[in-house]
Amino acid sequence: MSRSESAPAGTRAGLSAPWLRLASFVLLIAVWEASAVLAQSRVLPDPWRVALTFWDHLLHGSLLWDLGITLLRVIAAFVLAMICGTALGIVMGQRKQVDVILDGWLILFLNIPALVTIILCYVWFGLTEVAAILAVALNKFPNVVVTIREGTRALDRELLEVAAVFRVDRRRTFTQFFLPQLYPYLMVSARSGIALIWKIVLVVELLGRSDGIGFQIGIFFQMFDIAGLLAYTLAFVIVMLFIEIGLVEPMERHMTRWRK
Amino acid sequence: MTGAAALDIRIDRKTFRMPANGGSRVAIEGLALSVPAAQFLCIVGPSGCGKTTLMNLIARLDREAEGTVQLSDGTPVESARIAYMFQTPRLLPWLSVRDNVRIVLDQAEGAEGRAEALLRQMELGDSLDDFPNRLSGGMQRRVALARAFVTEPQLLLLDEPFVSLDLPVGNRLRGLLLDLWRARPTTVVFVTHDLREAIYLADRIVFLSRGPSKVILDETVGLTRPRDVEDPAIDRFRIDLLERHSSLLHGLAGASGDQTPGAVQ
């Protein structure tokens with residue numbers, strides 16, 4: 001939606017939206033370069049240094065391995081949170097009693113700081129992979145529940161009546177009449193979920209794992225290696241950008257193609 | 001199972017709880033109606049008299065009423081194949097026209113071709129892959145009509161399906177409905193508040209009173225088929241009916257020929 005709004009604005013300025021985006025990105029790099037030159041400090045390396053460090057870690061370091069392992073944790077936690085959160089959200093949206101019983105718990109979980117969940121998971125389940133993924137998923141889970149519950153409450157009963165009267169079987173009633181109505185809510189959940197999860201994954205890795213982007217960033221912090229820190233951060237941001245552009249956006253376009 | 005279903009409806013009392021004041025409102029009371037197999041029945045009544053409520057009870061979307069809705073042989077109405085065309089088309093916006101019709105068919109039947117053939121017959125062949133949002137209101141109604149007929153229902157319910165369409169589009173759909181019904185005879189219960197429409201379509205018209213609704217007049221339409229929408233006989237029938245029962249359309253039985261005096265309020 002934002003694209004269709006920004007496109008006419010771009011033509012008014014004489015530049016199309018993609019070029020404007022590129023220009024603003026170049027500006028950001030320029031500001032960074034200027035600040036680095038002015039500061040002349042080891043803690044603010046210029047973009048070129050960071051790019052070289054990135055290249056070095058990519059070829060000779062463990063960047064790819066760390067990236068891969070972090071990505072796997074992101075995916076595992078994301079899938080776990082989405083599936084469990086959607087299931088509970090649907091039940092709470094449909095059954096008033098369950099909603100009343102669990103609503104208080106939900107508010108409680110929504111307000112537990114991520115750090116506390118992470119520490120408790122490590123303390124209770126040990127410094128294991130399972131504990132790490134569980135800690136991340138638990139942080140995302142209540143948000144999914146709230147969003148999907150909202151979507152379930154807004155369901156169009158009239159369409160479900162069509163399924164009932166024509167005796168469409170349960171499986172197709174769910175996949176064709178029920179679930180598509182939740183798509184917008186699932187997309188919102190997924191989008192904000194990816195953004196939230198990858199940030200929490202780094203904290204989880206920092207606190208209790210011996211590989212992954214978060215763990216490496218901890219090392220860079222101890223060694224005051226800011227160039228390495230920024231190189232790793234950039235690598236991960238680029239990967240998440242590709243996931244957004246290459247996976248999330250096409251999926252969303254496919255799901256909403258009927259709206260045009 | 002083929003053929004049309006004969007229907008026995010007896011609603012002793014249907015009430016709605018009023019959340020506003022905690023009380024309840026009686027929507028239907030003492031309504032009895034039998035529909036023979038393959039009859040085209042129109043139900044006419046003033047707005048808000050409980051016609052949709054009655055239809056939902058027949059379709060078993062609503063099961064909370066004192067009374068029974070069953071087939072004439074005593075089996076529950078659920079044992080018949082039912083199709084229901086609602087006031088709005090109620091198409092699934094995320095499915096193509098073709099899939100909207102196909103979705104109500106059992107996949108095992110291998111009836112892939114049937115949906116498509118019916119849609120082509122209804123001149124929707126060029127829109128099979130379109131999404132409903134791109135269709136006009138009349139075309140959406142046609143898709144909904146195709147969906148209702150594709151299962152070859154034994155009981156077809158239509159709740160003011162052509163309301164809010166302009167006259168030519170509406171008449172075209174009414175003609176299409178009659179064509180389909182003649183080709184695939186089934187028991188039809190058609191709700192409307194448009195008496196002209198009812199006379200054009202029906203074998204028999206049942207008039208309901210204002211809520212709580214009950215039958216105030218049961219009239220057979222003897223016009224020959226096929227009928228022409230423009231046929232003056234339709235208007236003659238209508239005028240004659242209204243002369244005999246002047247406040248019929250307000251949900252009151254007329255002063256003369258009043259069959260159920262109790263309904264006069």
Side-chain angles (χ1 to χ4, degrees), chain A residues 1 3-4 82 86 90 93-97 99-100 147-148 150-191 248-260, chain B residues 1 52 55-63 77-109 111 115 129-135 143-144 146-159 189:
Chain A
M1 216 184 286
R3 216 165 308 120
S4 61
M82 284 301 287
T86 302
I90 288 174
Q94 289 218 304
R95 304 226 182 274
K96 188 82 193 129
Q97 271 183 320
D99 189 38
V100 170
T147 309
I148 300 302
E150 222 43 59
T152 309
R153 282 176 181 161
L155 277 184
D156 184 354
R157 302 275 147 204
E158 295 198 335
L159 290 181
L160 297 178
E161 283 183 358
V162 173
V165 100
F166 285 97
R167 293 189 207 121
V168 177
D169 59 63
R170 287 175 70 95
R171 188 179 60 81
R172 278 192 298 165
T173 300
F174 183 72
T175 58
Q176 306 287 337
F177 288 77
F178 191 96
L179 216 48
Q181 299 195 49
L182 289 183
Y183 281 168
Y185 298 87
L186 286 168
M187 285 316 296
V188 166
S189 249
R191 279 221 146 123
V248 178
E249 281 187 10
M251 226 166 92
E252 190 167 19
R253 234 173 293 138
H254 179 76
M255 281 179 181
T256 57
R257 67 198 189 285
W258 54 271
R259 281 184 207 269
K260 283 171 203 158
Chain B
M1 198 159 64
T52 300
M55 291 294 259
N56 286 344
L57 285 168
I58 298 173
R60 305 293 281 155
L61 289 175
D62 183 351
R63 290 157 188 259
V77 73
E78 287 94 329
S79 58
R81 260 197 317 281
I82 303 175
Y84 194 158
M85 188 172 167
F86 302 88
Q87 261 181 46
T88 51
R90 296 201 192 179
L91 301 173
L92 299 176
W94 43 85
L95 291 186
S96 66
V97 165
R98 184 203 318 262
D99 289 341
N100 258 293
V101 174
R102 210 149 61 178
I103 188 84
V104 298
L105 290 170
D106 283 336
Q107 283 158 325
E109 280 175 67
D129 296 312
D130 288 344
F131 290 109
N133 290 3
R134 296 198 196 148
L135 305 181
V143 177
R147 180 175 68 184
F149 267 97
V150 78
T151 58
E152 299 186 342
Q154 295 158 309
L155 173 61
L156 173 59
L157 307 172
L158 302 101
D159 183 7
V189 180

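A note on names: the letters A, B, ... follow the listed sequences, proteins ahead of strands, and every chain is numbered from 1. Basis for what follows: all heavy atoms, side chains included, without hydrogens, waters or symmetry-related copies. Note that the structure is a prediction, hence the values are computed from the model and not measured.
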Quick check: closest heavy atoms across [X] and [Y], and the distance to 0.1 Å?
X: B/Arg102; Y: A/Arg172; value: O-NH1, 4.2 Å
X: A/Arg257; Y: B/Arg134; value: O-NH2, 4.2 Å
X: B/Leu91; Y: A/Leu159; value: O-CD2, 3.8 Å
X: B/Ala83; Y: A/Phe166; value: CB-CE2, 3.6 Å
X: B/Leu92; Y: A/Gln176; value: CD1-O, 3.9 Å
X: A/Gln181; Y: B/Trp94; value: CG-CH2, 3.3 Å

**Message:** Tell me if the CZ atom of A/Arg95 is crowded by more than 12 foreign heavy atoms within 6.0 Å.
**Reply:**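 Count not over threshold, so no.
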
**Message:** Does B/Tyr84 form a side-chain contact (heavy atoms from CB on, under 4.5 Å) with A/Glu161? I'd like the steps, not just the answer.
**Reply:** CA-CA 10 Å; B/Tyr84 194 158; A/Glu161 283 183 358; over 6 Å; no

**Prompt:** Among all residues two or more places apart in sequence or in another chain, which pass the ring-ring contact (aromatic ring centres under 6.0 Å, His included) test with A/Tyr183?
**Reply:**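 By the ring-ring contact (aromatic ring centres under 6.0 Å, His included) rule, A/Tyr183 matches no residue at all.
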
**Item:** Any residue meeting ring-ring contact (aromatic ring centres under 6.0 Å, His included) with A/Phe178, in chain and number order, not counting sequence neighbours
**Value:**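 For A/Phe178, the residues satisfying ring-ring contact (aromatic ring centres under 6.0 Å, His included) (neighbours in sequence not counted) are A/Phe174.
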
**Message:** Quick check on B/Arg60 against chain A: is it the side chain, the backbone, both or neither that has a heavy atom closer than 4.5 Å?
**Reply:** neither

**Message:** Less than 4.5 Å to any heavy atom of chain A: does that hold for the side chain of B/Ser96, its backbone, both, or neither?
**Reply:**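 Neither part.
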
**Request:** Find the one option among A/Asp156, A/Asp169, A/Val162, A/Val168 whose heavy-atom pairs under 4.5 Å with chain B are most numerous.
**Result:**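 Looking at each of A/Asp156, A/Asp169, A/Val162, A/Val168 in turn, A/Val162 comes out on top.
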
**Message:** Set out, in order, the CA-CA distance, both residues' side-chain angles and the distance that settles side-chain contact (heavy atoms from CB on, under 4.5 Å) for B/Asp106 and A/Arg167, then state yes or no.
**Reply:** CA-CA 9 Å; B/Asp106 283 336; A/Arg167 293 189 207 121; over 6 Å; no

**Request:** Mind running side-chain contact (heavy atoms from CB on, under 4.5 Å) on B/Ile103 and A/Phe177 for me, showing each step along the way?
**Result:** CA-CA 10 Å; B/Ile103 188 84; A/Phe177 288 77; 3.6 Å; yes

**Message:** Heavy-atom cut-off 4.5 Å, strictly under: side chain, backbone, both or neither for A/Val165 against chain B?
**Reply:** both

